[in-house]
Colleague: 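Starting off with a structure, shown below.
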Amino acid sequence: TMKNTDTGNSRKKQNILSPSASYMLSTILSKVQRPDLPSTFALDAGLPKIAWKTGTSYGRRDAWSVGYNNKYTVAVWVGNFSGEGVPEIQGSTIAAPLLFEIFNNIDRNMPAQWFTAPAEIDERWVCSVSGEIPDHYCKDQVLDYYIPGVSVNKSCTHLSMQFISNDSTISYCRSCLPDSSYLTVPYANFDPALISFYDKEFIQYKSIPPHESSCTRIYGELGPEITSLKEGLEYYLDPLDNMQLELKADSQNDVQKLSWFIDDKYVETVGAKESLFFTPKSGKVKISCTDDKGRNTDIEIKVFYL
């Protein structure tokens, strides 16, 4: 949690993380229920009490693992000095077991005690899915550390309660909710980018049914996220190639259709997961995407023809 600042004649130490944040981070990194625990290390294999992290570089050129307790910090690097990659090299399976073995040897006779929780830190119940303050639908809760006055006091939103028809084919908002004969069902409140990933990888998830078509309510937030083009970027096109730009967006779980506009002129309405292509004019181009709930997102790009 300290760094040296070289001022020429003297070296000063400057705090980077608070004691409470450092303790919480160290506690997280000491957990053994994690995907990078080597499969060769069972829980009864004498894992040292350390905080640790592994890594593998691009191309599998390096495998590393760094660990620490309140007495030692050890870094392990495995690789070829030539920089040549090795298909089998991986931080969790190559470097981590060596790290554990080193700690078990240097701390064999006098194991280090774990860090002491600072007085500022406290505990509270949180949702085990999101780590946020539980809402009424968060049935699975765990006790976790937090820093009073610093940690976010946000209520959990990993589920959203939806009003749907008895046959689960239509969803309602409070503006079009019928007087009776409807269900209240929890749906996973996935981020639009995650929904897009699930669709791309053919991962099944529970999708919210289409909204009541006669509803006239306009939603004012959580609009589509345009992903194929970026706000403020410049795009250079070769007119000889007849190049087009893609229109694609990530949207909320309950969206079925997206409508696209170029310079405020309607282009086409497509499925929420579909792409659309257009030939832009030179100069500034305004692109708008509106979902079937009336939520809109605008971006502006610049197009240059070579």
Colleague: Checking side-chain polar atoms at under 3.5 Å, does Ser165 have a donor or acceptor matched by the opposite partner on Asp167?
Modeller: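 Indeed, the side chains of Ser165 and Asp167 share at least one donor-acceptor pair under 3.5 Å.
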Colleague: For the NZ atom on Lys265, are there more than 12 heavy atoms of other groups (residues, nucleotides or ligands in this structure) within a distance under 6.0 Å?
Modeller: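 Atom NZ in Lys265 is not packed in, count stays at 12 or less.
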Colleague: If you count every heavy atom of other residues, nucleotides or ligands that lies below 6.0 Å from Lys281 atom NZ, does the total exceed 12?
Modeller: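 Counting neighbours around NZ of Lys281, more than 12 heavy atoms of other residues, nucleotides or ligands fall under 6.0 Å, so yes.
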Colleague: Step through the shown structure and confirm whether more than 12 heavy atoms of other residues, nucleotides or ligands are within 6.0 Å of CD on Gln204.
Modeller: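 Not buried by this count: 12 neighbours or fewer within 6.0 Å.
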Colleague: Is the shortest distance from a Lys or Arg side-chain nitrogen in Lys286 or Asp263 to a carboxylate oxygen in the other one below 4.0 Å?
Modeller: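 A salt bridge is absent here (no side-chain N lies under 4.0 Å from a carboxylate O).
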Colleague: With a sphere of 6.0 Å drawn around CD of Glu84, does it hold more than 12 non-hydrogen atoms of other residues, nucleotides or ligands?
Modeller: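 Counting other residues, nucleotides and ligands, CD of Glu84 stays at 12 neighbours or fewer.
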Colleague: Scan side-chain atoms only and decide if Thr269 and Tyr266 contain a donor-acceptor pair under the 3.5 Å cut-off.
Modeller: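 Their side chains do contain a donor-acceptor pair, which is all the 3.5 Å distance test asks for.
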Colleague: Assess the side chains of Tyr187 and Asp254: does a donor N or O sit below 3.5 Å from an acceptor N or O?
Modeller: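 Distance-only check fails for Tyr187 and Asp254.
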Colleague: Could you tell me whether a side-chain N or O of Glu231 sits under 3.5 Å from a main-chain N or O of Glu300, the two making a donor and an acceptor?
Modeller: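 Checking the backbone N and O of Glu300 against the side chain of Glu231, a donor-acceptor pair under 3.5 Å is found.
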Colleague: According to side-chain contact (heavy atoms from CB on, under 4.5 Å), who are the partners of Ser282, at least two apart in sequence or on a separate chain?
Modeller: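 Counting only residues at least two positions away or on another chain, Ser282 forms a side-chain contact (heavy atoms from CB on, under 4.5 Å) with Tyr305.
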Colleague: Strictly by modelled atom types, are Ser288 and Asp298 linked by a side-chain donor-acceptor pair under 3.5 Å?
Modeller: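 Checked: Ser288/Asp298 side chains pair up, N/O donor to acceptor below 3.5 Å.
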Colleague: A quick test of your reading: do over 12 heavy atoms of other residues, nucleotides or ligands sit less than 6.0 Å from CZ of Phe304?
Modeller: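 Enclosed.
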Colleague: Name all residues meeting the side-chain contact (heavy atoms from CB on, under 4.5 Å) criterion together with Leu29; count only those two or more places apart in sequence or in a different chain, and write none if there are none.
Modeller: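 side-chain contact (heavy atoms from CB on, under 4.5 Å) check on Leu29 returns Leu25, Ala51, Lys53, Tyr68.
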Colleague: Would you call Tyr172 and Ile170 a side-chain contact if the rule is heavy atoms closer than 4.5 Å?
Modeller: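 SC-SC contact between Tyr172 and Ile170 confirmed.
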Colleague: One pair to check against ring pair (Phe, Tyr, Trp, His ring centres under 6.0 Å): Tyr23 and Phe115. What are the steps and the verdict?
Modeller: CA-CA 7 Å; Tyr23 180 82; Phe115 301 98; 7.4 Å; no
